[in-house]
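Only one structure is covered here, and it is reproduced in the block below.
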Amino acid sequence: MANIRLVVGTVSGKAQSIADAMTQELSHQHKVVVTAQAVLEDITDEKMDTLLIVCSTTGSGDIPANLVGLFYELRERFPLLPNLQYGVVALGDRSFGDTFCGAGKQWDELLTELTAKPLGSMLALDACDSVDPWTRCQDWLKTTSLNS
Ligand SMILES: Cc1cc2nc3c(=O)[nH]c(=O)nc-3n(C[C@H](O)[C@H](O)[C@H](O)COP(=O)(O)O)c2cc1C
């Protein structure tokens, strides 16, 4: 059983919907704490061994307003997180070109720099995809060590 903290970055609620479904699914096997407005101490909390970031992209490759402060604080304070495993589920839209899933990519890069260990490759969910994002997410979860 993993102790998971799930942190959501969203503008219009799609990432929240995915996070809600993930919470429901993962709660069968793991302890999941969803943090609506996460602060630095939530990320460095050693009671948690797993961090899941579910984050959409806004602007031009940017992190939504509800998570951008945390992102910059982490980057500035740079707490090393060698005991943390993490996964990033990035929401975006391929029609935005180079900035596709830019926010998720920023999280993935930062958490790697902070020496956290990836559960697997970042999942990029494209709003233009004809496949339901939750189906994609379930398939992705199966590829991770969370193995749901
Ligand atoms: C103003 C605006 C800017 C966006 N910019 C990007 C972008 O740069 N890259 C990207 O991949 N998606 C971009 N998107 C698409 C959203 O990330 C995508 O629709 C996502 O599913 C929204 O999730 P949310 O409801 O959780 O915010 C943008 C959407 C809007 C409305």
Side-chain angles (χ1 to χ4, degrees), residues 2-45 48-78 81 84-114 116-148:
N3 284 313
I4 302 172
R5 186 175 306 278
L6 200 155
V7 172
V8 187
T10 186
V11 177
S12 53
K14 285 188 192 143
Q16 187 66 57
S17 304
I18 293 290
D20 291 345
M22 283 177 86
T23 303
Q24 211 174 358
E25 174 101 9
L26 290 168
S27 295
H28 297 302
Q29 290 181 48
H30 306 287
K31 184 168 174 246
V32 186
V33 175
V34 184
T35 308
Q37 198 56 63
V39 295
L40 188 94
E41 290 70 27
D42 294 322
I43 307 298
T44 56
D45 180 358
M48 299 294 166
D49 49 53
T50 305
L51 174 68
L52 291 177
I53 302 275
V54 182
C55 188
S56 70
T57 297
T58 190
S60 185
D62 301 326
I63 294 167
N66 77 302
L67 271 196
V68 74
L70 173 64
F71 181 87
Y72 286 122
E73 194 180 359
L74 267 173
R75 207 165 68 175
E76 196 179 303
R77 300 246 202 121
F78 219 76
L81 305 166
L84 187 71
Q85 58 175 357
Y86 79 92
V88 178
V89 175
L91 284 82
D93 185 327
R94 213 168 269 288
S95 64
F96 281 83
D98 286 351
T99 67
F100 177 55
C101 286
K105 287 177 188 164
Q106 290 188 62
W107 275 110
D108 194 30
E109 281 169 23
L110 177 60
L111 288 164
T112 300
E113 286 171 15
L114 296 176
K117 308 290 179 292
L119 284 164
S121 304
M122 184 188 89
L123 173 64
L125 294 174
D126 179 7
C128 299
D129 193 342
S130 57
V131 178
D132 167 49
W134 175 234
T135 303
R136 292 248 184 256
C137 195
Q138 281 175 305
D139 290 345
W140 177 80
L141 280 172
K142 287 181 196 139
T143 70
T144 72
S145 50
L146 295 174
N147 208 22
S148 282

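The analysis underlying the following values was restricted to heavy atoms, covering all of them including side chains, and did not include hydrogens, waters or symmetry mates. In this chain, residues are counted from 1 in sequence order. Read the numbers this way: they start at 1 and go in the same order the structure lists the ligands and their atoms.
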Backbone of Met22 reached by a side-chain donor or acceptor of Gln138 within 3.5 Å: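 Here the side-chain-to-backbone pair does not exist.
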
Backbone N/O of Gly102 and side chain of Thr57: donor-acceptor pair under 3.5 Å: yes

Partner of Leu51 under side-chain contact (heavy atoms from CB on, under 4.5 Å), chosen from Leu81, Ile4, Ile43: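 With Leu51 as partner, side-chain contact (heavy atoms from CB on, under 4.5 Å) holds for just one option, Ile43.
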
Sole residue of Leu6, Val7, Val8 in side-chain contact (heavy atoms from CB on, under 4.5 Å) with Ile53: Val7

Donor + acceptor pair across side chains of Gln16, Asp20 (<3.5 Å): yes

Under 3.5 Å: N or O atoms of ligand 1 paired with protein N or O:
unit_1, atom_1, unit_2, atom_2, d
ligand 1, 5 (N), Gly59, O, 2.8
ligand 1, 8 (O), Gly59, O, 3.3
ligand 1, 8 (O), Gly61, N, 2.8
ligand 1, 8 (O), Thr99, OG1, 2.7
ligand 1, 9 (N), Thr99, O, 2.9
ligand 1, 9 (N), Thr99, OG1, 3.4
ligand 1, 11 (O), Asp93, N, 2.9
ligand 1, 11 (O), Asp93, O, 3.4
ligand 1, 11 (O), Cys101, N, 2.8
ligand 1, 12 (N), Asp93, N, 3.2
ligand 1, 14 (N), Thr57, O, 3.2
ligand 1, 17 (O), Thr57, N, 3.2
ligand 1, 17 (O), Thr57, O, 2.6
ligand 1, 25 (O), Ser12, N, 3.3
ligand 1, 25 (O), Ser12, OG, 2.5
ligand 1, 25 (O), Gly13, N, 3.1
ligand 1, 25 (O), Lys14, N, 2.8
ligand 1, 26 (O), Thr10, OG1, 2.5
ligand 1, 26 (O), Lys14, N, 3.2
ligand 1, 26 (O), Ala15, N, 2.8
ligand 1, 27 (O), Val11, N, 2.8
ligand 1, 27 (O), Ser12, N, 3.1
ligand 1, 27 (O), Ser56, OG, 2.8

Beyond-backbone contact of His30 with Asn3, side-chain heavy atoms, under 4.5 angstrom: no

